[in-house]
Amino acid sequence: MTDTLDMFIEAKAYPTHPLRAVAPKESAMPSLKTEAWTFCQFSAALQMLAYELPNRITIRQLLVFAMIAEAVSLGNDVTIAEVRAKVGKDKSGDDLLGQSIGRSYQIFLKPTKKEPDNLGWCEVEENEDDRRQKFLRLTPEGVEVALRLARHLKDKP
């Protein structure tokens with residue numbers, strides 16, 4: 001049998017038509033429906049971030065910002081090395097942040113002549129006891145962005 005316009009019209013008129021059975025009623029949808037609130041929060045947070053962030057931000061860079069905000073919210077100092085270690089490896093065993101973690105956090109530093117499009121949400125502070133360690137801190141603007149993100153994750157969309 002070939003597909004015809006009549007078959008599609010019939011499919012709309014008669015919901016039991018074989019074409020309507022393409023997606024069975026007992027599909028994955030019921031389990032997804034139980035997570036609707038989670039996806040509403042997630043999409044609202046992503047929408048807020050898409051509004052705040054330049055187009056060139058990667059998901060890995062965003063992950064670094066989230067890791068810094070997490071550490072700060074818990075009252076902890078976090079170093080560049082600790083972020084790399086906590087993020088870990090990707091599914092192929094490579095560092096999730098790649099070889100240069102610097103590219104992952106530098107977009108969040110204060111703007112400079114060399115990088116005028118930086119966001120100014122974070123700053124790097126050397127550890128006074130060990131100059132090899134560098135702490136990543138949120139600036140007041142970074143704290144505000146993190147708080148707006150937290151509100152989007154908690155509030156109803």
>> Is any side-chain heavy atom of K134 closer than 4.5 Å to one of N127?
In response: no
> Taking atom CD of E82 and atom CG of D77, what is their separation to the nearest 0.5 Å?
Replying inline: 8.0 Å
>> Show, in sequence, the C-alpha distance, side-chain angles and deciding distance for M48 and R148, and conclude whether the side chain to side chain contact (heavy atoms under 4.5 Å, CB included) test is met.
In response: CA-CA 8 Å; M48 173 261 177; R148 282 197 307 271; 3.5 Å; yes
>> Rounded to the nearest 0.5 Å, what separates atom CD in Q133 from atom CD in E125?
In response: 11.5 Å
> Would you call R137 and E123 a salt bridge, using N to O less than 4.0 angstrom?
Replying inline: no
> Side-chain contact, heavy-atom cut-off 4.5 Å: C122 with L136?
Replying inline: no
> Would F42 and L49 show up in the same hydrophobic cluster when neighbours are defined by side-chain heavy atoms closer than 4.5 Å?
Replying inline: no
> Are V124 and Y105 close enough, and set up right, to give a side chain to side chain contact (heavy atoms under 4.5 Å, CB included), and what steps lead you there?
Replying inline: CA-CA 10 Å; V124 176; Y105 72 84; 3.7 Å; yes
What pairs of donor and acceptor atoms, side-chain ones from residues 60-76 against any protein atom, are under 3.5 angstrom apart with sequence neighbours left out?
residue	atom	partner	partner atom	Å
R60	NE	L96	O	2.5
Q61	OE1	T58	N	2.8
Q61	OE1	T58	OG1	3.4
Q61	NE2	R103	O	2.8
E70	OE2	K86	NZ	2.5
S73	OG	A69	O	3.2
S73	OG	E70	O	2.7

> Would you say the side-chain atoms of N118 pair up with the backbone N or O of G120, donor to acceptor, closer than 3.5 Å?
Replying inline: no
> Residues two or more places apart in sequence or in another chain: which of them pass side-chain hydrogen bond (donor to acceptor under 3.5 Å, both in side chains) with Q47?
Replying inline: none
>> Run the side-chain hydrogen bond (donor to acceptor under 3.5 Å, both in side chains) test against K89 and tell me which residues pass, sequence neighbours left out.
In response: D95
> So T112 and E115, side-chain hydrogen bond (donor to acceptor under 3.5 Å, both in side chains) or not? Walk me through it.
Replying inline: CA-CA 5 Å; T112 63; E115 297 292 340; over 6 Å; no
> Can you hop from L147 to L119 via hydrophobic side chains spaced under 4.5 Å?
Replying inline: yes
> Side chains of T79 and V83: does their closest heavy-atom pair fall under 4.5 Å?
Replying inline: no
> Which is it for R56 and I107 under the side chain to side chain contact (heavy atoms under 4.5 Å, CB included) test, yes or no, and what are the steps along the way?
Replying inline: CA-CA 10 Å; R56 70 178 195 266; I107 185 69; 2.6 Å; yes
> Going hydrophobic residue to hydrophobic residue with side-chain gaps under 4.5 angstrom, can you get from F135 over to L109?
Replying inline: no
